[in-house]
Amino acid sequence: MVIEAGAREKLSFAVIDAIAHKHNVELGAIIPVLQEIQEAYGYVPPVAIQRVAENTGVPASELFGIVTFYAQFRLQPLGKNLIKVCHGTACHLSGAERISQTIEQVVGAKEGETSQDGLFTVERVACLGCCSLAPCIMVNGKVHGRLTPEAIGKLVSQVKEKEKVVLSGEVG
Ligand code: FES
């Protein structure tokens with residue numbers, strides 16, 4: 001079940017209940033329930049966890065434990081732009097930590113977080129499959145390699161500029 005982007009903020013208990021009932025929770029299918037909720041909303045809202053707990057009898061603490069244990073789940077909505085920072089061996093040896101710190105400074109979010117303005121979510125990944133270009137990041141599905149802190153600053157400024165253009169287009 002995928003909910004239209006514009007309607008994603010509006011949580012519907014009916015949607016959550018339908019997802020919870022569709023899976024046979026007694027047979028241990030709680031992960032598919034959480035996956036489908038994330039698919040619908042882009043993250044697993046804490047209020048949805050509470051609702052699933054009431055519906056299924058699985059304690060909310062257990063559900064929170066699952067969501068925080070598995071890297072695939074998010075408890076916060078995604079920002080408009082997704083930055084994946086590679087920490088695989090080649091990128092690690094080529095200064096991935098420095099890249100991470102620079103990204104944190106320029107977008108205002110650490111790995112695993114979304115910036116206050118909602119523009120960026122930063123995620124940590126193991127390998128982007130472009131090791132010869134290390135250090136690498138992926139921005140909205142596009143890989144950028146042989147990065148320097150200066151290049152990151154430029155890249156983020158370009159994304160911010162694009163967002164401004166989109167916003168002014170929406171207003172006008
Ligand atoms: S280790 Fe970074 S792309 Fe492979």
Side-chain angles (χ1 to χ4, degrees), residues 1-6 8-9 19 23 28-46 48-49 62-170:
M1 185 180 301
V2 178
I3 294 173
E4 291 295 310
R8 280 188 166 196
E9 286 75 39
I19 292 171
H23 298 272
I30 203 67
I31 288 181
V33 171
L34 297 170
Q35 283 170 332
E36 197 168 330
I37 289 172
Q38 178 156 293
E39 197 182 308
Y41 292 103
Y43 71 116
V44 185
I49 292 183
E62 204 173 300
L63 297 174
F64 271 107
I66 293 169
V67 170
T68 50
F69 179 79
Y70 291 105
Q72 64 174 297
F73 292 118
R74 271 178 240 107
L75 278 165
Q76 282 185 320
L78 269 185
K80 289 175 96 177
N81 301 280
L82 180 60
I83 302 178
K84 294 183 177 184
V85 185
C86 182
H87 285 271
T89 307
C91 289
H92 175 71
L93 293 174
S94 304
E97 271 321 309
R98 201 168 45 113
I99 297 297
S100 270
Q101 287 162 6
T102 306
I103 289 174
E104 185 184 334
Q105 283 165 9
V106 294
V107 311
K110 291 182 185 166
E111 288 168 2
E113 291 181 352
T114 297
S115 58
Q116 289 278 325
D117 56 12
L119 275 186
F120 297 95
T121 291
V122 186
E123 282 183 356
R124 182 185 183 98
V125 296
C127 179
L128 290 170
C130 311
C131 310
S132 62
L133 299 178
C136 303
I137 64 172
M138 185 182 268
V139 181
N140 299 330
K142 186 172 175 213
V143 172
H144 300 267
R146 299 204 177 97
L147 282 169
T148 59
E150 296 72 35
I152 290 169
K154 235 189 221 172
L155 201 55
V156 170
S157 302
Q158 284 169 359
V159 175
K160 284 182 177 172
E161 276 309 309
K162 230 187 229 172
E163 290 294 343
K164 269 192 217 158
V165 172
V166 171
L167 277 178
S168 63
E170 282 172 5

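We count residues from 1, following the sequence as given. Here the structure is a predicted model, which is why all the values come from computation and not from measurement. Counting convention: from 1, in listed order, for ligands and their atoms alike.
Looking at heavy atoms from C-beta onward, E123 lies in side-chain contact with R74 at the 4.5 angstrom threshold.
The shortest non-hydrogen separation linking G112 to Q76 is O-OE1, 4.3 Å.
Only one option out of I103, L78, V156, L82 pairs with F120 in a side-chain contact (heavy atoms from CB on, under 4.5 Å); it is V156.
Salt-bridge check for E163 with K160: failed, with every basic side-chain N at 4.0 Å or more from each acidic carboxylate O.
Protein N/O/S atoms found under 2.8 Å from atom 2 (Fe) of ligand 1: C86 SG, C91 SG.
Residues that satisfy the side chain to side chain donor-acceptor pair (under 3.5 Å) test with S100, not counting sequence neighbours, are H87, E111.
For the pair T114 (side chain) and P77 (backbone), a donor-acceptor distance under 3.5 Å is present.
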